Amino acid sequence: MNPGEIKGLSAAPAATGETDEIAWLIADELVDYPAAVDFMERRAAAIRAGGAPETVWLVEHPALYTAGTSADPAELLDGGRFPVYETGRGGRYTYHGPGQRVAYVMLDLKKRGQDIRRYVHDLEEWVIHTLARFNVTAERREGRVGLWVAQGAPANPAYREDKIAAIGVRVRRWVSFHGIAINVEPDLEHFTGIVPCGIGEHGVTSLWDQGITATMPEVDLALRASFEDVFGRRTTNA
């Protein structure tokens, strides 16, 4: 599939001396969710058939909600606010919209030990490394999906933990798709239309909410550098 088949899609510049290639693509315009799913399906099939390189695709979506395979209809609090899409990824309801960097990751897990649990751990580690570059400490929490930022000291009555990144994956015949979403500067009020990932007792945050004024290109550069730190693979153009 050529990058130009989706409007506003471009290949990220390649580093030099790269081997064992992974393609990096960036959507320069908002991408409709059905078009994104169609792209991932076709790219994953091509990777499986040996006709395309493994791919990381960085996108932003118009405001929308998606329902994972474990979504509870009761957790859709305002279904009329934005379009709602059922999707094959794991998890429950989540929000996507402008100011949120979504990274769709299409990797051949046959090359990576065929270990889905390890793959999800590596996605989490990728987010942790990326946010650390902005001096934000993102952490896992037992029994909770995604990455979390502690607000204040644990002994403080106002202490809370807010979600800064979501993870949802699907694997078909050992090729992954879907991926991660990092809140850079979205409208956090938009999350109130759902119970994000089924967790109502905690809030959401963003880099902007943490006082970090990073641009989306800066986040993209951090994602790319941290990807190699975690996955140990070189990258190239599509």
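Everything quoted here is computed from the prediction, not taken from an experiment.
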If the threshold is 4.0 Å, N to carboxylate O, is there a salt bridge linking R81 and E189? yes
Under 3.5 Å, is there a donor-acceptor pair between the side chain of D115 and the main chain of R118? yes
Check: Y95 ring centre within less than 6.0 Å of F191 ring centre: yes
Do V56 and W126 have side chains that approach each other closer than 4.5 Å (heavy atoms only, starting at C-beta)? yes
For the residue pair G146 and K163, what are the closest heavy atoms and their distance? CA-CE, 3.8 Å
Taking C-beta and beyond as the side chain, do E161 and R141 meet within less than 4.5 Å on heavy atoms? yes
T192 versus D78: any side-chain heavy-atom pair under 4.5 Å? no
L147 CG to T137 OG1 distance, which is reported to the nearest 0.5 Å: 11.0 Å
According to a hydrophobic-cluster definition based on side-chain heavy atoms being under 4.5 Å apart (Ile, Leu, Val, Met, Phe, Trp, Tyr only), do I128 and L223 belong together? yes
Among N135, V136, L131, which residue satisfies the side chain to side chain contact (heavy atoms under 4.5 Å, CB included) criterion with I212? V136
Taking C-beta and beyond as the side chain, do V184 and S206 meet within less than 4.5 Å on heavy atoms? no
For the OH atom of Y85 and the OH atom of Y65, what is their distance to the nearest 0.5 Å? 13.5 Å
Keeping the roles fixed (side chain from W208, backbone from T213), state whether a donor-acceptor pair exists under 3.5 Å. no
Could you tell me whether the side chain of L109 reaches within less than 4.5 Å of the side chain of V171, counting heavy atoms only? yes
Can you sort out the partners of Q114 under side chain to side chain donor-acceptor pair (under 3.5 Å), two or more places apart, ordered by chain and number? none
Sequence-distant partners of E185, salt bridge (Lys or Arg N to Asp or Glu O under 4.0 Å), two or more places apart: none
Does a side-chain heavy-atom distance below 4.5 Å link I194 with L77? no
Are the side chain of R48 and the backbone N or O of R172 linked by a donor-acceptor pair below 3.5 Å? yes
In terms of side-chain heavy atoms, does T66 have a donor or acceptor partner in Y93 at a distance below 3.5 Å? no
If we count only N and O atoms by modelled type, under 3.5 Å, do the side chains of R92 and S70 hold a donor and an acceptor together? no
Whether the R140 and H121 side chains hold a donor-acceptor pair (N or O, under 3.5 Å, no angle test) is what I'd like checked. yes
Presence of salt bridge, D108 and R112, under 4.0 angstrom: no
Would you call the rings of Y104 and H61 parallel, tilted or perpendicular if under 30° counts as parallel and over 60° as perpendicular? tilted
Thinking salt bridges, do D220 and R224 make one under a 4.0 Å N-O criterion? no
Using distance alone, with no hydrogens and no angle criterion, decide if S226 and R133 have a side-chain donor and acceptor under 3.5 Å apart. yes
Just wondering, do I22 and F227 contact through their side chains at under 4.5 Å, heavy atoms? yes
With ring-ring contact (aromatic ring centres under 6.0 Å, His included) as the rule and sequence neighbours excluded, what pairs involving residues 153-183 come up? none
Quick one: CE on M216 to CZ on R101, what's the gap to the nearest 0.5 Å? 5.0 Å
